[in-house]
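Note sheet for the following structure.
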Amino acid sequence: MTVAPLPPLPAEAEYGQLGLARAGLAELRREDPELAELLDAEVRDQDTTLAMIASASIAAPSVLAAGGSALSNVTAEGYPGARYHPGAANFDEVERLAVSRAMDLFGARYANVQPHSCSSANLAVLAALVPPGGTLLGLDLDAGGHLTHGSPASVTGRHYRAVHYGLDAHGLIDYEQVAALAAEHRPAVLIAGASAYPRTLDFARFREIADSVGAYLLADISHIAGLVAAGEHPSPVDHAHITTTSTYKQLGGPRGGLILSGRDHRTPGPDGRTPLDRLMQRAVFPQNQGTPAPAAIAAKARAFALAAEPRFTRTARLTVSGAHALAAELGRLGHRVLTGGTDNHMVLIDLRDSRLTGVVAERALEECGILVNRNRIPGDTRSPLVTSGVRLGCNILAQRGMGPQHMRECAELMHAVLAATTPLSDTEYRVDPHERVQLREHVRALCARHPLPHATVRADDPGALGTGAAL
Ligand code: DSN
């Protein structure tokens, strides 16, 4: 049989990911303008909106490119060097890179980069460490905990006996109560972590309590992972047996999760023999997930590299100092700031003294181009869809280069929107139309002065893709 000569490779610049990205975006524009326009609109909206969502950050174009890369086409269950499918040579190297970068970034001795989210990471960890029907102890959802920390709305509150600790009169974690509940209920796992808690977590204290009852300590740092990586919040990695995090909230990574372990990585699991690192490997695959997401793992590798750079550390510092200033400015304007301030990126506002509910504040602010999210506050009697508070975060403001000196303007803008809002019921409201137009313009101008990094690509940039759409 005669084999025809291979056609020449395409020009260097167009071959590989760059060629794919260009071809993909051109194809989208040509064949699916409706979708292409929505993707472009999203880039424009993100650039012209003041996002203060505490659980969000902006991924760099290279993270988005890795996440949309040809690795998406690889199906390979298992781990590097031990896959259940062929064709994983590049993916093996990418996963090894992601694991070693994650360990370096967090000073960990074990990392698993396969969880599709931190929720799935938590489910895997709990399934490995808590027997069916066993007890776990975590922060109450209403006090700022997370669904997967034993909420009745999650399988973690149905398949386990979930006990919850709460906050003291100042809105701070009540470590005495944690210790008392641990002694009374002897949980298999104690969870340290929160979705809406603006203060520093004392991981050493949590570990002492876990040790006093023979529990494993799971630290879920989804909301503060960037601060931990940058040294702006104490690290739990050598205090907790296992640490979990999502990779998008504060790490500028793709949607995904991560499991870490530090000095306890060889500590035996519940069977008294299997070390925790081996237990976690099995817990993720095959016990809780099948195929990993190779392109997302490439994007994690890229995000971990960026998070190790000095620029990330500078942004993390700006995030914390900005949040501190934002809390102070909002307090000055008469808003009730929970716990009186913040130690991290997050500010929680209690709206109960105002005429507005959380959902009304959220929607009115969104109309004027400011994104915050409604949040229940301790003792809230309103439903999670309505709530009596809002949660703000400074991750994205800091990525825009906005720090303490810009927070007066941000706080005054928020205050002006809320003052221009007339509630008609718990969910209905009216924003003064004249004020709305003016405030929206003000927000747009503020965003233009502090554009998102990389939101626009210069036409003369050799890497320009000719569209604002993410890859
Ligand atoms: N856990 C949700 C939050 O805190 O906003 C989404 O990641």
Side-chain angles (χ1 to χ4, degrees), residues 45-54 56 171 196 198 321-342 345-398 400 402-450:
D45 285 356
Q46 287 182 14
D47 196 33
T48 55
T49 301
L50 209 55
M52 293 195 244
I53 300 294
S321 56
H324 195 81
L326 182 64
E329 291 293 345
L330 287 167
R332 181 181 62 80
L333 292 166
H335 296 277
R336 221 166 116 189
V337 177
L338 286 182
T339 79
T342 182
H345 63 299
M346 191 184 285
V347 179
L348 296 170
I349 304 292
D350 179 348
L351 293 168
R352 279 178 299 195
D353 291 343
S354 81
R355 311 147 298 133
L356 308 176
T357 61
V359 68
V360 161
E362 177 191 296
R363 288 181 183 160
L365 287 162
E366 186 177 10
E367 278 192 28
C368 298
I370 299 174
L371 303 184
V372 309
N373 80 287
R374 79 194 86 146
N375 212 84
R376 293 190 87 201
I377 51 169
D380 210 331
T381 50
R382 294 189 167 112
S383 82
L385 288 175
V386 178
T387 80
S388 302
V390 286
R391 184 184 65 167
L392 289 62
C394 286
N395 298 340
I396 297 176
L397 297 188
R400 287 179 174 274
M402 294 169 76
Q405 68 275 33
H406 305 104
M407 291 307 140
R408 172 163 290 196
E409 191 173 358
C410 292
E412 284 177 351
L413 271 169
M414 274 190 63
H415 183 71
V417 174
L418 299 180
T421 304
T422 308
L424 305 174
S425 70
D426 271 4
T427 52
E428 304 291 318
Y429 64 96
R430 180 178 176 279
V431 182
D432 179 275
H434 177 70
E435 294 275 329
R436 182 179 50 224
V437 171
Q438 290 213 326
L439 289 163
R440 183 68 188 95
E441 272 319 302
H442 192 144
V443 169
R444 215 183 285 279
L446 178 60
C447 291
R449 273 185 273 132
H450 304 279

Handout entry: CA sep, side-chain torsions, deciding dist, call: C410, L397, side-chain contact (heavy atoms from CB on, under 4.5 Å)
Key = CA-CA 10 Å; C410 292; L397 297 188; 4.2 Å; yes
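- To the nearest 0.5 Å, atom NE2 of residue H335 and atom NE2 of residue H415 are 5.0 Å apart.
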Handout entry: Derivation and outcome, side-chain contact (heavy atoms from CB on, under 4.5 Å), residues V443 and I370
Key = CA-CA 7 Å; V443 169; I370 299 174; 3.8 Å; yes
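- The two residues G341 and A327 come nearest to each other via the heavy atoms CA-CB, 4.0 Å.
- Taking CG from L446 and OG1 from T49, the interatomic distance works out to 11.5 Å, rounded to the nearest 0.5 Å.
- Nearest heavy atom pair, residue C394 against residue L326, reads SG-CD2, 3.9 Å.
- Inter-residue side-chain proximity for R400 and D47 is flagged as met; some heavy-atom pair is nearer than 4.5 Å.
- With hydrogens and angles disregarded, a donor-acceptor distance shorter than 3.5 Å links the side chain of N395 to the backbone of A56.
- Proximity of a side-chain donor or acceptor of R374 to a complementary backbone N or O of L385 within less than 3.5 Å is detected.
- Residues V431 and C368 approach most closely at CG1-SG, 4.4 Å, considering heavy atoms.
- In terms of modelled atom types and a separation under 3.5 Å, the side chain of H450 and the main chain of C447 share no donor-acceptor contact.
- Judged by distance alone, the side chain of S388 and the main-chain N or O of D380 form no donor-acceptor pair under 3.5 Å.
- The CG atom of L348 lies 9.0 Å from the CD1 atom of I377; values are rounded to the nearest 0.5 Å.
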Practice task
List the steps, then state whether salt bridge (charged side-chain N to carboxylate O under 4.0 Å, His left out) holds for E362 with R391.
Solution key: CA-CA 9 Å; E362 177 191 296; R391 184 184 65 167; over 6 Å; no
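- One distance of note links CG of L439 with CE of M414; it measures 12.0 Å at 0.5 Å rounding.
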Exercise for the section: Walk me through it: do L365 and L418 pass the test side-chain contact (heavy atoms from CB on, under 4.5 Å)? Expected result: CA-CA 7 Å; L365 287 162; L418 299 180; 4.1 Å; yes
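- Of the charged side-chain nitrogens involved, none lies within less than 4.0 Å of a carboxylate oxygen, so that E367 and R430 do not count as a salt-bridged pair.
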Practice task
Before giving the answer on side-chain contact (heavy atoms from CB on, under 4.5 Å), spell out for H442 and Q438 the whole-Å C-alpha distance, their side-chain angles and the decisive distance to 0.1 Å.
Solution key: CA-CA 6 Å; H442 192 144; Q438 290 213 326; over 6 Å; no
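- Remark: I349 CD1 to L330 CG distance equals 4.5 Å, nearest 0.5 Å.
- Shown here is H406, whose NE2 atom has more than 12 heavy atoms of other residues, nucleotides or ligands within 6.0 Å.
- Between T387 and N375, the closest side-chain pair of non-hydrogen atoms is not below 4.5 Å.
- Between V390 and A361, the closest heavy-atom pair is CG1-CB, 4.0 Å.
- Atom CG of D350 and atom CG of L338 lie 5.5 Å apart (nearest 0.5 Å).
- R376 places a side-chain N or O within 3.5 Å of a backbone atom of R382 that can act as its donor or acceptor partner.
- Classification of E366 and R363 as a salt-bridged pair fails, no side-chain N sitting under 4.0 Å from a carboxylate O.
- The backbone N or O of D426 lies less than 3.5 Å from a partner atom in the side chain of T357, making a donor-acceptor pair.
- Here the side chains of V437 and R440 are not in contact, with every heavy-atom distance at 4.5 Å or above.
- Scanning for side-chain contact (heavy atoms from CB on, under 4.5 Å) contacts around S425 gives T427, E428, with sequence neighbours left out.
- The minimum heavy-atom distance between M402 and M407, with the atom names listed, is O-CE, 4.0 Å.
- Nearest approach of M346 to P198, heavy atoms of both residues: O-CB, 3.5 Å.
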